[in-house]
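One structure below.
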Amino acid sequence: MKLIFKEKAPGTGSIKTVTLCCMAFTILAILLEVFIIEDYLAQYEGDARTMNLAGRQLSLAREIVKNLYGVDENPALLESVRGDARRWDSIHRFLRTDLGALDTEFIKTPVRDSLFGAIEPYRLNLLNWAMGDSIPQKVAKGYASLQKWEGGFTDGMTHLVDLYQKESDLARARLRHIVMVFSFFFILMILVLYFFLVEPIIRSMRMLIEEQKEQYRNLSSILENTDDLIWSVNRDYSLRTCNSAYRDRTAHEKGRSPELGESVLSHLEGEAALKDRELYDRAFRGETFKVDLELSVDGCATYHELSFNPIHGEDGVVIGCNVFRRDETERIETIQKLDRSRRNLREAQRIARIGNWNWDMASDELIWSECLYDVFGKDHHTFEATYANLMEIVHPDDRESYKREIVKSLAENLPLDTVHRILLPDGSVRYIHERALVFLDGAGDAVRMAGTSQDVTVLENAKQEIRKQYEELQNFVYIVSHNVRSPIATIQGLMELLEEGEEDKSEILGMIGRKVDVLDATIRDLNDALALRNVSSKSFKRIGLAGIFESIEELLERAITSSGAQIYYDFGGIASVLGIRSYVTNIMYNLVLNAIDYRDDNKDLKIIVSSKTVPHSGTVEVSIGDNGIGMDLDAERRKKIFGMYGRLDGRSDGKGLGLFLVKTQVEALQGKIAVTSKKGKGTTFTVTLKQGDTECPVHETANGQDRFPHVGS
């Protein structure tokens with residue numbers, strides 16, 4: 001299809017001529033301005049050197065007079081005076097007679113000659129004194145004359161410097177005027193060039209563009225090399241033009257071929273005709289738009305996109321519209337399938353608490369799926385997914401090991417399969433199972449990693465709970481094996497003796513009774529340990545620390561007195577904790593009793609009870625420390641000390657169940673317990689519980705006396 005244009009636009013030769021003229025004028029103006037500025041700079045440099053020499057004259061004159069005053073006391077200054085005088089005289093002669101070498105003309109004026117003539121007598125007198133003999137004697141007699149000559153010469157040179165400065169300022173003012181005039185004529189010339197050369201070319205090019213648009217509007221209404229349906233309609237809805245694709249599709253859908261000039265609404269009725277008319281009317285109002293159309297052909301749904309474009313006449317009035325119809329059935333069905341797949345994938349990921357990611361290592365771009373933001377507890381609108389930001393989420397205790405796993409996977413091209421923890425903003429912890437593959441470039445270098453992240457917190461917690469229950473089950477099995485079977489075996493043996501009748505039956509029955517008591521106590525211990533696991537936090541109440549330890553001192557009054565223990569308290573402003581009173585009492589009771597039982601007989605026993613808040617956690621640490629015998633705690637012994645019947649010392653007659661029950665009760669109160677100890681120094685148990693309040697009341701008894709001595713009292 002060939003397009004025809006009218007040759008009304010100027011040729012490329014005219015455009016080139018105008019361009020060259022503008023460039024030549026601009027270059028000429030720039031060169032002229034540069035020449036003027038350089039000429040001024042050269043003149044200003046000469047002026048500056050002249051004023052610098054004049055200033056030097058003033059300095060030398062003052063130096064000569066100052067040294068003349070000092071010759072009487074320091075004759076060595078005489079040579080310096082004469083050297084300065086010779087330089088002074090040489091510069092003065094140069095200023096007065098050889099200024100032409102400085103390329104300056106403005107100072108060669110009668111005013112300048114008059115000033116030089118006025119200062120000449122003062123200069124000659126100073127010069128004669130400086131170059132003559134018997135300077136010390138002359139200075140002593142002519143002190144007033146020296147001052148007069150110096151002052152006269154200084155005043156004259158100052159006037160000369162002022163004259164030079166005024167002439168220099170006048171030259172700068174002239175330069176500004178010249179630049180302003182030159183800029184005015186430059187702008188004027190630009191305007192002349194625009195109106196007489198540039199503007200006609202712009203106008204002609206605009207005409208050419210309008211003609212091109214008109215021809216393209218007429219020619220683009222018929223396109224035969226496309227499967228899209230294309231037709232144009234006049235404002236009276238009559239068919240103006242159409243392509244073969246439109247004619248064939250209409251014949252297939254309507255049963256006959258369309259005719260030019262007939263109304264495109266003639267075959268429609270009712271609501272369908274109104275909808276199509278509204279679409280054409282929108283285009284006639286000058287609106288360009290697209291709409292989606294769903295049709296049923298041969299019982300099958302098809303999807304189409306219609307594009308309406310108004311046709312404007314020469315005066316800008318809409319004279320009709322072009323319509324493009326494209327079959328989008330395949331694309332729409334593909335999009336629908338993709339949307340269904342995405343929805344199914346998102347639902348599956350949300351249910352499984354799993355998300356996928358892709359890491360481009362070159363750009364450090366980390367793309368997360370929508371569900372992955374939920375897994376990591378982040379807002380996809382505000383959180384930027386990068387490797388560095390991801391590491392900030394990973395739990396500090398797991399961060400280095402996680403980095404090592406990634407580095408190993410990248411270095412050895414191995415699949416990544418690891419579980420790590422993340423720390424959420426609210427302080428909660430989640431377990432994340434990461435699985436990923438490494439992708440290499442042609443050179444064998446890792447460039448990308450893609451994988452999945454799944455929230456396995458429930459599974460990991462279940463594993464830990466199962467592991468914990470397994471360990472406890474082992475303890476119970478051990479207890480049953482050693483602490484239940486042993487009394488039963490003893491009882492069986494005693495029963496056999498009782499049946500034989502050869503021993504004192506009362507003694508045997510007594511032994512049986514004692515073994516039954518041991519067996520009963522063991523069973524009660526097991527029952528107590530199991531009962532502690534069914535505590536609900538809803539039953540927690542505020543427990544006063546002062547009241548707890550007051551009760552403990554009453555319960556252990558005999559043991560405290562017999563051991564000579566001194567208990568010191570420092571509650572640090574903490575009045576209470578949250579929990580169950582009987583549990584808290586039993587915990588603190590066992591820890592104080594433990595300090596008494598394991599005291600050092602060579603020391604006065606001191607027990608220090610203190611408490612403090614743990615910042616930003618809502619918890620309280622209660623510490624019970626002593627100066628008892630202490631113990632060496634390695635990892636194994638530290639674990640064993642809180643185990644059931646985990647005695648580390650044979651000194652006590654107890655069964656070793658106390659600390660196990662303490663730990664069980666602390667955990668039932670959703671707390672933690674830790675121990676530090678050193679052989680021969682003492683032991684400190686630290687219990688962390690939920691905080692009640694922060695105001696600590698005065699610890700007084702009913703008679704108003706201080707109940708507890710504090711640390712250091």
Side-chain angles (χ1 to χ4, degrees), residues 1 3 210-347:
M1 186 179 297
L3 302 181
E210 291 299 326
E211 290 179 2
Q212 289 177 337
K213 288 183 178 180
E214 183 179 355
Q215 292 190 28
Y216 271 110
R217 282 194 296 268
N218 295 330
L219 293 174
S220 62
S221 61
I222 302 177
L223 296 175
E224 296 293 345
N225 58 344
T226 177
D227 293 332
D228 296 340
L229 280 63
I230 304 173
W231 68 98
S232 61
V233 179
N234 292 325
R235 289 189 66 92
D236 60 356
Y237 310 106
S238 62
L239 185 62
R240 183 177 181 180
T241 57
C242 66
N243 66 351
S244 300
Y246 174 82
R247 186 178 294 109
D248 296 340
R249 180 62 65 87
T250 302
H252 176 71
E253 294 177 356
K254 308 302 180 185
R256 65 179 183 86
S257 297
E259 297 291 338
L260 295 180
E262 71 175 2
S263 174
V264 293
L265 305 176
S266 60
H267 62 284
L268 299 174
E269 296 179 356
E271 187 177 351
L274 292 176
K275 288 183 178 179
D276 281 15
R277 182 187 296 271
E278 176 59 28
L279 294 175
Y280 287 116
D281 288 344
R282 287 176 60 186
F284 295 154
R285 290 194 294 268
E287 183 179 353
T288 299
F289 59 95
K290 294 181 180 180
V291 295
D292 294 327
L293 177 66
E294 181 178 352
L295 298 176
S296 178
V297 180
D298 299 332
C300 298
T302 59
Y303 303 92
H304 306 267
E305 181 186 75
L306 274 70
S307 175
F308 289 80
N309 303 275
I311 301 175
H312 297 272
E314 293 184 1
D315 55 358
V317 177
V318 178
I319 61 175
C321 71
N322 288 327
V323 185
F324 298 81
R325 173 176 150 184
R326 175 170 297 173
D327 190 340
E328 298 285 346
T329 303
E330 183 177 354
R331 184 178 67 86
I332 295 298
E333 290 178 348
T334 302
I335 292 175
Q336 291 175 347
K337 290 179 181 178
L338 288 175
D339 288 341
R340 286 195 297 269
S341 297
R342 291 193 186 98
R343 286 196 300 271
N344 293 337
L345 178 60
R346 284 196 296 268
E347 291 174 357

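Since we're looking at a predicted model, the values are computed, not measured. Numbering starts at 1 and runs along the sequence shown.
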*Could you tell me whether the side chain of Asn309 reaches within less than 4.5 Å of the side chain of Phe324, counting heavy atoms only?*
yes

*Could you tell me the separation between the CD1 atom of Ile332 and the OG1 atom of Thr302, rounded to the nearest 0.5 Å?*
11.0 Å

*Pairs touching residues 332-341 that satisfy salt bridge (charged side-chain N to carboxylate O under 4.0 Å, His left out), sequence neighbours left out*: Asp339-Arg342

_Cation over ring face, Arg277 and Tyr237, 6.0 Å, 45°_ = yes

*Please identify each residue that fulfils side chain to side chain contact (heavy atoms under 4.5 Å, CB included) with Glu278, with sequence neighbours left out.*
Arg282, Arg285

*Would you say the side chains of Ser232 and Thr241 form a donor-acceptor pair under 3.5 Å?*
yes

*Test salt bridge (Lys or Arg N to Asp or Glu O under 4.0 Å) applied to Glu305 - qualifying residues, sequence neighbours left out*: none

*What residues, two or more places apart in sequence or in another chain, satisfy salt bridge (Lys or Arg N to Asp or Glu O under 4.0 Å) together with Arg235?*
none

*Pairing residues for Tyr303 by the ring pair (Phe, Tyr, Trp, His ring centres under 6.0 Å) criterion, not counting sequence neighbours*: none

*Geometric class of the Phe308/Phe289 ring pair [parallel <30°, tilted 30-60°, perpendicular >60°]*: parallel

*Please name all residues satisfying side chain to side chain contact (heavy atoms under 4.5 Å, CB included) with Lys275, sequence neighbours left out, ordered by chain then number.*
Glu271

*asked:* Can you tell me how far apart SG (Cys242) and CD (Glu259) are? Round to the nearest 0.5 Å.
replied: 9.5 Å

*Is any side-chain heavy atom of Asn322 closer than 4.5 Å to a side-chain heavy atom of Ile230?*
no

